[in-house]
Amino acid sequence: MIGKDFDPTAVPAARREPHARTVHGDTFIDDYEWLRDKTSVPVREFVEAQNTYCEQRNAHLKPLRTALFNEFVGHVQQTDMSVPTRIDDYWYFVRTQEGKQYAIQCRIPIQNKDDWDPPVIDAASEPGSIEGEQIIFDANKEAEGHDFFRLGGMDISKDGRWMLYGTDVHGDERYDFRIRDLETGEELPDCFDQVGAACFTPDAQWVFLTEIDDAWRPYRIVRHRVGTPRSEDVTVFEEHDERFWAGIGLSFDEKLLVIGTGSKTTTEVLMLPVSDPTGEFQTFIPRKEGVEYDVSFASFEGAGDNGEDIPLAIVYHNSTNPNFEIDVIDMRGHQPPFKLGEGRCIACGSPYGCEEPGGETGGNVHKRQPRKGDTGADPRDVASQPVSTPWYCDTNPPLLQGAKGLAMEGIAMHRHYVALSYRADGLPHLAVMTKDRAAQNFLNNEPWQFEAVTPPDSDTHVYSIGAGGNPNYDAPRMRYSFSSYTRPGELHDLDPATGDDRLLKRATVLNFNAADYEERREWITVRDGEQVPVSLVWRTDKVELEQDAEGATAAAHFADRRPLPHMAPAFVLAYGAYEISSDPSFSVGRLGLLDRGVVYVLPHVRGGGEMGRAWYEQGRQLNKKHTFEDFIDVTVALQNAGIIDVKRTVANGGSAGGLLMGAVANMAPERFAGIEADVPFVDALTTMLDPTLPLTVTEWDEWGDPLHNPEVYEYMKSYSPYENAPAPRGSAQDGPENEAFAKKFPKIFITTSMNDTRVMVVEPLKWVARLQAADVDAIIRVETEAGHGGTSGRYKQWEQISYENSWCLGVMGITE
């Protein structure tokens with residue numbers, strides 16, 4: 001049926017072909033497993049029919065999505081450029097031009113070795129027109145003749161002459177790498193097809209490749225001498241444990257080739273001097289199950305007793321602290337083999353609420369116990385303490401004392417400064433200090449005196465901040481980025497010695513006034529007593545969220561607040577997996593929703609990393625249901641408080657967030673008017689039972705291993721969206737309860753891609769077939785020339801966002 005009304009008889013139904021899946025004595029009848037063969041004619045016909053049906057059902061929304069797209073384009077400074085970044089002897093920058101899908105990579109030479117001020121370039125000028133400017137890669141030209149195009153990596157030799165680059169024209173994340181002479185534009189005959197990644201040695205004499213196995217796992221590192229046949233390539237490392245991925249790159253100072261290999265919970269680093277590329281890689285610290293670490297090298301220049309440099313190793317690891325610690329090793333007194341815990345700890349995270357506080361040794365946690373009277377926490381039982389318990393540790397910098405959910409995220413040591421990245425109170429943070437002060441603190445065995453980096457003129461406490469664009473060890477100043485839900489991204493340049501903070505660039509958003517929007521962070525108590533941080537964003541002249549004297553919205557104390565005069569439509573978004581944090585960021589695509597009176601809600605559910613390792617552990621494997629319950633409980637709390645309208649609440653999540661969407665649809669269908677699930681991981685149990693499928697074995701650390709563990713099997717079967725969705729009408733599982741269940745279901749909109757290698761297209765296809773067979777109003781849009789990230793090209797991506805947002809608004813009853 002054409003139009004917005006749902007007619008079950010108009011659905012292009014899939015045939016039912018029962019397939020028995022028996023594991024651990026349990027049998028599940030899967031009617032749609034035949035959809036796995038995406039190359040077969042019946043599957044192709046099913047996809048084509050579903051795409052046609054989707055277009056018919058959404059035809060009435062065409063004026064709305066056209067308006068959303070035009071608004072999107074009207075907000076974007078289409079001809080623009082990035083701030084130049086110095087790498088070796090060039091300033092590199094990226095241009096975009098109105099009407100062109102892809103970016104253009106350019107560069108100009110530095111003036112001299114002390115040239116650290118980025119050149120001022122007119123963004124409106126034609127690429128290549130500035131004196132000395134060279135176009136090194138125009139993706140618009142490279143993409144000609146391809147429906148999909150993605151640049152998958154670029155590496156340039158130390159002298160700036162040779163460029164190694166990889167492209168993907170299918171969306172399957174396998175890249176074809178080539179070497180281009182930037183002086184002549186000609187390409188060498190060396191070809192590296194269908195690999196995961198590649199990098200040069202600084203002299204461009206050698207290429208190291210990361211190869212991918214049939215399960216799409218980067219597992220082998222190969223050395224190639226430029227100018228020689230591929231048949232002479234040598235395998236330098238192969239990861240045999242199917243849970244582990246492998247990759248290679250250069251150390252920050254470009255003195256070492258570094259192989260990193262790791263699973264979700266265990267890592268290992270191997271190194272080889274760049275000066276000896278044909279040598280044997282040596283393990284820095286042997287892997288230990290459950291221990292993650294990384295290492296970098298630097299120096300305290302001139303800090304020795306006789307003015308000599310002090311060589312340093314900086315080790316980031318979780319062997320003694322689940323939220324990681326940072327150890328600095330004076331390499332003058334240490335010799336290989338090294339072990340974790342050597343050196344001096346300069347910062348450590350909070351162990352509260354974590355499964356294994358202090359790792360296997362546990363000693364450091366007890367050494368860094370809370371101070372009496374601060375929290376009342378028993379240091380012998382830190383695992384039972386709430387994640388939000390303030391953490392005190394004698395070795396930590398004063399800046400970190402009393403932080404909640406404290407997690408170390410990394411440290412960068414440059415010639416003139418040291419930057420520390422960490423998480424606290426559910427948000428990312430950045431601190432900095434001069435190198436001279438760090439050396440003094442280190443030599444005096446005292447806590448390092450980091451100072452917080454806070455963006456000037458900021459009136460929000462809900463933002464993302466981080467060091468970025470600092471590829472040079474010798475740069476005298478630090479660049480950092482900043483953004484929030486209502487403040488477009490900014491790039492700053494900070495002098496740690498003087499505190500001078502310069503704004504290099506603020507993203508231009510046309511027809512936008514930040515003062516029209518508000519953002520707020522709330523904490524909502526969920527069913528097991530945990531407090532979940534929630535971000536709320538709205539347009540102030542469209543929605544009025546009541547606030548108390550301290551500025552908290554009505555979400556803070558629901559029982560004591562009156563509801564809004566008119567409950568608002570809501571777009572509720574979450575991810576909640578892999579310890580990935582959903583941090584504040586600006587989105588032009590979000591404005592089309594906010595400007596129509598929609599409240600944007602982002603529950604920072606467990607399974608993510610917002611509150612550190614404990615937050616992740618409490619939402620993975622046999623704790624995965626916390627992710628779904630958190631999302632539901634936050635949504636219900638806002639609805640019960642009279643803030644958002646249950647009849648106009650639309651939920652959204654993608655990939656692992658799509659699993660979340662499928663789970664909450666089954667668990668609380670009556671709480672959502674609509675659910676948009678993007679590339680959703682909805683047939684999770686079937687996938688995790690098949691070790692021959694891409695990524696399955698590597699994912700067991702995240703979801704559990706249902707193939708060999710009956711407890712994991714039962715747990716996953718209890719939430720896996722596909723098995724728990726309403727059964728097809730007329731099936732053995734059909735009946736009054738199933739019919740009533742299906743009638744409660746919200747409208748479902750699914751997006752997926754034929755070439756997705758992370759969540760295979762069969763999963764959303766099976767899910768939509770089952771939902772439609774149960775008379776659930778579900779539609780699916782299948783990109784036939786794309787992968788996990790959807791379409792390529794910025795205008796195509798804007799069209800895709802507008803299409804999806806128009807459906808969400810339509811469900812909310814907003815069609816203009």
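Sequence positions, counted from 1, serve as the residue numbers for this chain.
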Pairs meeting criterion side-chain hydrogen bond (donor to acceptor under 3.5 Å, both in side chains) with involvement of residues 436-447, two or more places apart: R344-N445, N441-E446

Heavy-atom closest pair, residues F244 and S263: CD2-N, 3.5 Å

Pair S251, D253: side-chain N/O donor-acceptor within cut-off below 3.5 Å: yes

Donor-acceptor pair, side chain of N306 and main chain of E308, under 3.5 angstrom: no

Residues D583, R423: salt bridge by 4.0 Å N-O rule: yes

From CA spacing to verdict: salt bridge (Lys or Arg N to Asp or Glu O under 4.0 Å), E490, K505: CA-CA 6 Å; E490 299 175 2; K505 183 179 179 66; over 6 Å; no

Any side-chain heavy-atom pair of V83 and F93 under 4.5 Å: no

Check: A497 main-chain N/O paired with T434 side-chain donor or acceptor under 3.5 Å: no

Salt bridge present between K264 and E699 (N-O < 4.0 angstrom): yes

Ring centers of F281, F237 separated by less than 6.0 Å: no

Any side-chain donor near an acceptor of the partner, E519 and S535, under 3.5 Å: no

Main-chain N/O of D500 paired with T498 side-chain donor or acceptor, under 3.5 Å: yes

Close aromatic pair by centroid cut-off 6.0 Å: W391 and Y352: yes

Atom CD of Q205: over 12 foreign heavy atoms under 6.0 Å: yes

S299 side chain reached by L312 side chain, heavy atoms, under 4.5 Å: no

Parallel, tilted or perpendicular: rings of F284 and Y293 (30°, 60°): tilted

Heavy-atom donor-acceptor pair, S157 side chain to A204 backbone, under 3.5 Å: no

Student check: side-chain heavy atoms of E522 and L536 closer than 4.5 Å: yes

Test item: L420 and I326 side chains (from C-beta on) under 4.5 Å apart, heavy atoms: yes

Flag side-chain contact, heavy atom, 4.5 Å: V258 against V269: yes

H461 atom NE2, over 12 foreign heavy atoms within 6.0 Å: no

Check: T389 and V387 side chains under 4.5 Å, non-hydrogen atoms: no

Carboxylate-amine/guanidinium contact R287 E239, below 4.0 Å: yes

N318 side-chain N/O to V291 backbone N/O, donor-acceptor pair under 3.5 Å: no

Short side-chain to backbone donor-acceptor contact, E342 and K339, under 3.5 Å: yes

For residues 608-621, run the donor-acceptor check on the side chains, cut-off 3.5 Å, and write out each pair with its distance to 0.1 Å, sequence neighbours left out.
from, atom 1, to, atom 2, distance (Å)
E610, OE2, S582, N, 2.9
E610, OE2, H604, ND1, 3.3
R613, NE, E579, OE1, 3.0
R613, NE, E579, OE2, 3.1
R613, NH1, E292, OE2, 3.1
R613, NH2, E292, OE2, 2.9
R613, NH2, E579, OE1, 3.0
W615, NE1, H604, O, 2.9
W615, NE1, V605, O, 3.3
Y616, OH, R620, NE, 3.4
Y616, OH, E702, OE1, 2.5
E617, OE1, E355, N, 2.6
Q618, OE1, R606, NH1, 3.2
R620, NH2, D701, O, 2.4
Q621, NE2, D701, O, 2.7

Check: F586 ring centre within less than 6.0 Å of Y485 ring centre: no

Minimum heavy-atom distance between N396 and P447, given as atom pair plus value: O-CB, 3.7 Å

Heavy-atom closest pair, residues V462 and P584: CG1-CG, 3.7 Å

Which atom of R506 lies closest to which atom of P488, heavy atoms considered: CG-O, 4.4 Å

is_close_aromatic(F252, H414), centroid dist under 6.0 Å: yes

Donor on one side chain, acceptor on other, S388 and Q531, under 3.5 Å: no

Please output the side-chain donor-acceptor pairs of residues 469-481 that fall under 3.5 Å, not counting sequence neighbours, one pair per line with the distance.
from, atom 1, to, atom 2, distance (Å)
N470, OD1, R479, N, 2.7
N470, ND2, G468, O, 3.2
N470, ND2, R479, O, 2.8
N472, ND2, R86, O, 2.2
Y473, OH, E301, OE2, 2.5
Y473, OH, K435, NZ, 3.1
D474, OD1, R415, NE, 2.6
D474, OD1, R415, NH2, 3.4
R477, NE, D493, OD2, 2.6
R477, NH2, D117, OD1, 2.7
R477, NH2, D493, OD2, 3.4
R479, NH1, P84, O, 3.1
R479, NH1, T85, OG1, 3.1
R479, NH2, P84, O, 2.7
Y480, OH, H492, ND1, 3.4
Y480, OH, D501, OD2, 2.5
S481, OG, G466, O, 3.4

CD (E451) with more than 12 external heavy atoms under 6.0 Å: no

Over 12 foreign heavy atoms within 6.0 Å of NZ, K404: no

pair K158-T201: side-chain heavy atoms closer than 4.5 Å: no

